[in-house]
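Quick note on labels: first sequence line is chain A, next is B, and so on, each numbered from 1.
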2 protein chains.
Amino acid sequence: MKKSQGNRTELLQGTLDMLILRVLAETPLHGYAIGKRLGEVSAGRLEIPQGSLYPALHRIEQRALVDATWTTIRGREAKVYAINAKGRRKLKDEISGWEELASTVSLVLNNA
Amino acid sequence: MKKSQGNRTELLQGTLDMLILRVLAETPLHGYAIGKRLGEVSAGRLEIPQGSLYPALHRIEQRALVDATWTTIRGREAKVYAINAKGRRKLKDEISGWEELASTVSLVLNNA
DNA sequence: CTTCATGCCTAGACACTCTACCTATCAATA
DNA sequence: TATTGATAGGTAGAGTGTCTAGGCATGAAG
């Protein structure tokens, strides 16, 4: 039945791609597994809807930040994503961008 | 002349309203002054374009988080915004939401 | 008299997330 | 056997928010 529990833009724009690249930096995964992995490493705080996840994957694939290959896993077709060199550079950039933003925001929050 | 230096969504979605409410929590200000104040308290790291600032102000005004009054300052008309009780509650919520998000993101970034 | 800082504003493009839906396979359960 | 839940992929459309790029007007300074 899938109740909609009023999730009003849970995540901030642009953050998702960075988080996906981050988990892919550890090991290649397919989309569904990425979603579960994000749940794990966030201590259950992140539950990415498929309607956010898959478009994000297509985005980063089109930007050539990952290489995708169709594989058969336990009888099911799965599209496995692996981060590439360009993706790793982009990830670095996005992390430093995030950190700068976070520090700027807390500057404003604490600094009147 | 106002060159566009390739600012690709400098700020994250939803953050701006929080930051505006934050500076208004100190003292009422008009729009233009809010922009300058955000520049100051962020050590120059934030330069909010007017095309972001004014829509944001109209948003939070429509959500009744601030009270606005037209005043004459140095011969010019200025719309002064003051945060109200509802706005202060909302600010609190948004700050805790932000902090949770920030901690979740760093959890993922550090936690593989 | 022209430029700069101040002060307000909008339209339209663009980007990203969300809800809500679709398909399909495999395992377990009723 | 039928059906549900987990796994695995996907799209369409709405909603939201930021940005670019313009507009208008006043007061002070050159």
Starting at NE2 of A:His30, measure out to CD1 of A:Ile73 and round the result to the nearest 0.5 Å.
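It comes to 5.5 Å.
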
Euclidean distance, A:Leu57 CG relative to A:Ile20 CD1, rounded to 0.5 Å
4.5 Å

Residue whose closest nucleotide on DNA chain D lies nearer the 5' end, A:Ala78 versus A:Gly51
A:Ala78

All pairs passing side chain to side chain donor-acceptor pair (under 3.5 Å) where residues 80-97 of chain A contributes a residue, at least two apart
A:Asp67-A:Asn84

Between [X] ([atom1]) and [N] ([atom2]), how many Å, whole number?
X       : N      : atom1 : atom2 : answer
A:His58 : D:dT11 : NE2   : C1'   : 8 Å
B:Glu47 : D:dT18 : CD    : P     : 17 Å
B:Gln13 : D:dG17 : CD    : P     : 7 Å
B:Arg76 : C:dG7  : CZ    : C1'   : 7 Å
B:Ile48 : D:dG17 : CD1   : P     : 15 Å
A:Glu77 : C:dT23 : CD    : C1'   : 14 Å
B:Gln50 : C:dA5  : CD    : C1'   : 11 Å
B:Leu57 : D:dT18 : CG    : P     : 11 Å

Indicate yes or no: at least one non-hydrogen side-chain atom of A:Leu16 is less than 4.5 angstrom from one of A:Ser52.
yes

Identify every side-chain donor-acceptor pair in residues 99-112 of chain A under 3.5 Å, counting partners at least two apart or on other chains, and give the distances.
from, atom 1, to, atom 2, distance (Å)
A:Ser103, OG, A:Glu100, O, 3.0
A:Ser103, OG, B:Arg45, NH1, 3.1
A:Thr104, OG1, A:Glu100, O, 2.8
A:Ser106, OG, A:Ala102, O, 2.9
A:Ser106, OG, A:Ser103, O, 3.3
A:Asn110, ND2, A:Ser106, O, 2.8

Pairs involving residues 89-112 of chain A, ordered by first then second residue, that meet ring-ring contact (aromatic ring centres under 6.0 Å, His included) (sequence neighbours left out):
A:Trp98-B:Trp98

Once side chain to side chain donor-acceptor pair (under 3.5 Å) is applied, do any residues pair with A:Gln50, and if so which ones, sequence neighbours excluded?
none

Close approaches to DNA chain C from residues 19-37 of chain B, in residue order (heavy atom, under 4.0 Å):
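Heavy-atom cutoff 4.0 Å gives B:His30, B:Gly31, B:Tyr32, B:Lys36.
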
Go nucleotide by nucleotide along DNA chain C from the 5' end; which of A:Gly75 and A:Pro55 gets its closest nucleotide reached first?
A:Pro55

Which of residues 61-74 of chain B have a heavy atom under 4.0 Å from DNA chain D?
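The answer is B:Arg63, B:Arg74.
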
Spell out, as yes or no, whether a donor-acceptor pair under 3.5 Å connects the side chain of A:Thr72 to the backbone of A:Arg76.
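Not at all, since once roles are kept as given, no pair shorter than 3.5 Å links the two residues.
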
Report yes if at least one side-chain N or O of A:Tyr54 is closer than 4.0 Å to OP1 or OP2 of D:dG10; otherwise report no.
no

Given C:dA15, is OP1 or OP2 found less than 4.0 Å from the side-chain N or O atoms of A:Arg59?
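Looking at the OP1 and OP2 atoms of C:dA15, neither is under 4.0 Å from any side-chain N or O of A:Arg59.
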
Given D:dT11, D:dG10, C:dC8, identify the nucleotide with an atom nearest to the side chain of A:Tyr81.
D:dG10

Can B:Lys79 and B:Glu61 be counted as an ion pair, charged N to O under 4.0 angstrom?
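A salt bridge links B:Lys79 with B:Glu61.
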
